[in-house]
There are 2 protein chains.
Amino acid sequence: MARVAGNRTTIYDVAREAGVATSTVSRALANPGRVNAHTRQHIIEVAERLGYHTNPIARALPSGRTQTVALFVSDITNPHFFGIIRGAEQQTRAAGRTLILGDTEESPDLESGNIERLTGSVDGFVIAASRMSDEEIRELADRHRLTLISRQIDGVPSVIVDHEDGTRQIIEHLASLGHTSVAYLAGPRRSWIAAKRWQAIRATARQFGMRAARLGPFPPAVRGGAAAADAVFGHGATAAIAHNDLLAIGMLRRFADRGVRVPKDISVVGYDDIFGADFCSPPLTTLAGQFEEAGRLAVDLLLGARRSGSARATEIVLPSHLAIRQSTGPAQR
Amino acid sequence: MARVAGNRTTIYDVAREAGVATSTVSRALANPGRVNAHTRQHIIEVAERLGYHTNPIARALPSGRTQTVALFVSDITNPHFFGIIRGAEQQTRAAGRTLILGDTEESPDLESGNIERLTGSVDGFVIAASRMSDEEIRELADRHRLTLISRQIDGVPSVIVDHEDGTRQIIEHLASLGHTSVAYLAGPRRSWIAAKRWQAIRATARQFGMRAARLGPFPPAVRGGAAAADAVFGHGATAAIAHNDLLAIGMLRRFADRGVRVPKDISVVGYDDIFGADFCSPPLTTLAGQFEEAGRLAVDLLLGARRSGSARATEIVLPSHLAIRQSTGPAQR
DNA sequence: TTGAAAGCGCTAACAA
DNA sequence: TTGTTAGCGCTTTCAA
C-alpha cells in the first residue's frame, strides 16, 4: 500500500502508548459514556501528548458521516447571497461541521451535477434559489438530505422570506403615495421567487385598484438596470418594482444618466435590502428580510431533520418588512 | 461492520458485472493509460449502466488526497472578500476540486484551530488576510500546503495586490489636488496590510512634502466610520485615506450627517473598490485591485506548488489602479 | 495488461 | 468495561 501521509499520529499509536485497544481509544474519544472514566482520562492525556487528531476521512468512511454541509447559491456574484452564506457558515461552524460552498451559475444542470459530485462527501445540501424543476428537486430530496432557501416544494424542508405579505407592504406603500400603475421588472424565468413575486404583485395591485404590468425578464444584476429602466420609462408606470436590489440599483443609475428624477418622476422599489441599498443614490426603498437567519435555519433544518419525505417537511417562513427610503415618493400626474 | 450507506454501487459491483478485478476498474477509471483500451471501454459502460460514482471519501483514505481546498477569510462580513471568495470558488471548481469556506473572525486562534480541524480533510489552505504571526504561519506552512492572500512572508507562496505603487498613486493624486496634510484611518492592529499601507503612506507623503498622520485603529467596517470621520475632522487634515472602503463609506455617511461636504471640505480615499464604492454618495475614489484574480491565482499556486520551503516560494503581486471618483477634490485653505 | 491482496485510519458488532 | 476483528470503498504494490 502507498504510504502517502504516513507521518501523522494514528489511533494505533495512541492505543499502543496507552496500553489499550484501538477500539477503546475510539470510544474514549467519541463515546465518553461507554468507557471507564480513568481509562478515558489516560487515553486523552496520551492522545494530547502525542499530538493526535482524528483523521476525518478515516472516520467518515465506516460511519458514512462527513460532518460536512454543502451550500449552493445560484449566483455567487449577487450580494444578496452573502447574508445567506454568512448565516450558513456560522451555523455550520457552530454545529462543529464544515461548510462547502458552490456556485451553480443559474444552471439547473450544474446544480444536479454538483450534488452528484459531492454525494458521499457531504451529509447534506442546502440549495438557495434553486433553478431545478419541482420534480428534479423532489427526486433528489428522496435520495439526499436537502433543504431549500427561497423555494418551497411540498415535502421538502425549506426556509423562505415571506413574499406575499412583503409584496402587500410594497403595494400598500405605493398606493398610499397615490400610484395607480406599477411595473414589475421581472427576474429569471426559472426563478421560483420571481414567479411568486409577480403573482403577489398582480393579486395585490388588483385589490388596491392599481394596474400592474410585468416587463422583462432582465438579468438580476446591476447591468440589467439600463434596459429595465428604459422599459419602465417607455411603459409609463409611475412606480417600478424591481426583481431585486441589484436590478433596482442599476435602474437608479440609468435614470440618473437619463435625467429622470427618482422619486419625483418615478418611484423605485427593490427586494432583499442588500449591502449598499441604504447608501445608493437615492437610498432604495426595499423589502428587507433576515437572510442570515434563513441561512442559519436552513442548516439547522438540515442537521436536525431526518431524510425528508415521511413526516411532513418543515416549511419556515420568515417575516419581511419594507425599508422605506428615498427612492419612493408621491405619484405625479 | 455497520452498513450505513450500503445502497450505493461500489467498485465491486462494477468489477463483478464487468468480469474483471476491482483493481482493473480502479485503473480504468483513474489511470486510463495503464489498462487495455477495450477493457476500459467496457468497464466504463458497465459503470455508467450501474450508475456508479466514485466515493470520494473512500478514494481519499488510501490516497491521502481529498480534492478539496479550504479558504479562510478574516471576516466573511466584509464585501472585500467576496471577490476573493468568488475567484477561489471558480478556480477550485475549474480544477475539479471542491471549496471549503471558513470565517476566522479576525482571530489568529480560530485560524490555526480551523487548520488543525481540517487537516486531513483538505489538500491545502488559502488564507486571506491572515491575522497570525509570521512565525505561526511559517510553522504551519512547513506542515501544510498553504498560500496567502494579502500577506507576504518569505518562503510562503502568496498573492497580494500592489500596495506600494497603489499608495503612491493615492498620494500623488492628492498632492496634485494641492493637499498638504493627510490622515490615515488605520485598520486592525494585527493586519499586515494595514501596517504596510501606513508605511507606504508615510514614506510617499514625505517624498511629496506632505504631512501624514495615523489615526485609530478603527474597526474596518461601516460602523467604524463615525469615529474615524470625527477623528480626522478634529485632526484637521484636508484628505483622509481610510484603511478600506467600508470604513470610507462609513465616514462619508458621518460627514454627510455632520454637514461636512465631501470633497469640498475634505477628500476621502478608500482601498479595495468594493461593491458599492461606485454608487455611494459621493462615489468613492479608491484603490482598485483584481481580487477575484487574486483568489484564482492563490488556488492555482496551491494546487500547482509542492509543499513550500524548499524552492523559493512564488510571490505574486497584482497591479492596482486608482479609481478616481467624486470623493476627492482640490484642497481648500 | 491484469489480478490478488494488503492496507489507508477508523468504527462497531460481538464476545469476553 | 474492554478487546478482537471485520469491514467501510478505494488504491497500489507485487506477481503473474
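In what follows, every chain begins at residue 1, and chains take the letters A, B, ... in the order their sequences are listed. Reckoned from all heavy atoms, side chains included, excluding hydrogens, waters and symmetry mates. If you're wondering where the values come from, they're calculated on a predicted model, not measured in any experiment.
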Within this structure, what is the [atom1]-to-[atom2] distance between [X] and [N], rounded to whole angstrom?
{"X": "A/Ile11", "N": "D/dT5", "atom1": "CD1", "atom2": "P", "result": "17 Å"}
{"X": "B/Ile57", "N": "C/dC10", "atom1": "CD1", "atom2": "C1'", "result": "13 Å"}
{"X": "A/Asn55", "N": "D/dG9", "atom1": "CG", "atom2": "P", "result": "17 Å"}
{"X": "B/Leu29", "N": "D/dT11", "atom1": "CG", "atom2": "P", "result": "8 Å"}
{"X": "B/Arg59", "N": "C/dG9", "atom1": "CZ", "atom2": "C1'", "result": "19 Å"}
{"X": "A/Asn31", "N": "C/dA13", "atom1": "CG", "atom2": "C1'", "result": "13 Å"}

field: Evaluation steps, side-chain contact (heavy atoms from CB on, under 4.5 Å), between B/Ile100 and B/Phe125
entry: CA-CA 9 Å; B/Ile100 281 178; B/Phe125 301 90; over 6 Å; no
Pairwise side-chain contact, B/Leu297 with B/Leu318, heavy-atom cut-off 4.5 Å (strictly under):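 With C-beta onward as the side chain, the pair touches.
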query: Taking C-beta and beyond as the side chain, do A/Glu315 and A/Asp154 meet within less than 4.5 Å on heavy atoms?
result: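 Touching, per the 4.5 Å side-chain cut-off.
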field: Phosphate contact (D/dT11 OP1 or OP2) by B/Tyr12 side-chain N/O below 4.0 Å
entry: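 For D/dT11, neither OP1 nor OP2 has a side-chain N or O of B/Tyr12 closer than 4.0 Å.
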- prompt: If only side-chain N and O atoms of B/Thr10 are considered, is one of them under 4.0 Å from the OP1 or OP2 phosphate oxygen of D/dG9?
  reply: no
message: Five pairs per end, C1' atoms only: what is the angle between the end axes of the helix from C/dT1-D/dA16 to C/dA16-D/dT1, to 10 degrees?
response: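 The value is 30°.
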- request: Return the residues of residues 35-43 of chain A meeting this criterion: a heavy atom under 4.0 Å from some atom of DNA chain D. Order them by number, or give none.
  value: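 Residues of residues 35-43 of chain A that come under 4.0 Å of DNA chain D are, in numerical order, A/Val35, A/Asn36, A/Thr39.
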Measure from the side chain of [X], starting at C-beta and using heavy atoms only, and say which of [options] lies closest.
{"X": "A/Ala21", "options": "C/dC10, C/dT11, D/dT4", "value": "D/dT4"}
{"X": "A/Pro62", "options": "C/dC8, D/dG3, C/dT11", "value": "C/dT11"}
{"X": "A/Arg34", "options": "D/dT11, D/dT1, C/dA13", "value": "D/dT1"}
{"X": "B/Thr54", "options": "D/dC10, C/dA4, C/dA5", "value": "D/dC10"}
{"X": "B/Thr24", "options": "C/dC8, C/dG3, D/dT4", "value": "C/dG3"}

task: Would you check if there is a donor-acceptor pair between the side chains of B/Gln91 and B/Asp300 at a distance under 3.5 Å?
output: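 There is such a pair (donor and acceptor under 3.5 Å, judged by atom type) between the side chains of B/Asp300 and B/Gln91.
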query: B/Val20 near the nucleic acid: base, sugar-phosphate alone, or nothing, with a heavy-atom cut-off under 4.0 Å?
result: sugar-phosphate
message: Taking atom CZ as the centre, does B/Arg34 end up with more than 12 heavy-atom neighbours from other residues, nucleotides or ligands that are less than 6.0 angstrom away?
response: no
